[in-house]
Amino acid sequence: MAEGLTNREIAARLTIAQKTVSVHVSNILAKLGVSTRTQAAAHAPRHTRN
């Protein structure tokens, strides 16, 4: 998601259903306390560990 991939692209990479990705994305947004993928992507660089 942080790479800007669509649910379809994520599903293809992980070989899972697009609906499964949708559910996971919704859960991630809720846990981050944001409402859009853009907000989540902006949140990622500040909170990732290398």
#### Entry: Positive for side chain to side chain contact (heavy atoms under 4.5 Å, CB included) with V34, one of T38, T36, L32
L32

## Note on the structure
From the list V25, T20, N27, V21, side chain to side chain contact (heavy atoms under 4.5 Å, CB included) partner of V23 resolves to N27

### Query
For the atom pair CD (Q18) and CD (E9), what is the distance rounded to the nearest 0.5 Å?
10.0 Å

### Message
Under 4.5 Å between side-chain heavy atoms, counting indirect links through other Ile/Leu/Val/Met/Phe/Trp/Tyr residues: same cluster for I28 and L5 or not?
### Response
yes

### Query
Got a second to check how far H24's NE2 is from I10's CD1, nearest 0.5 Å?
10.5 Å

## Note on the structure
L29 and A40 have their tightest heavy-atom pair at CD2-CB, 3.7 Å

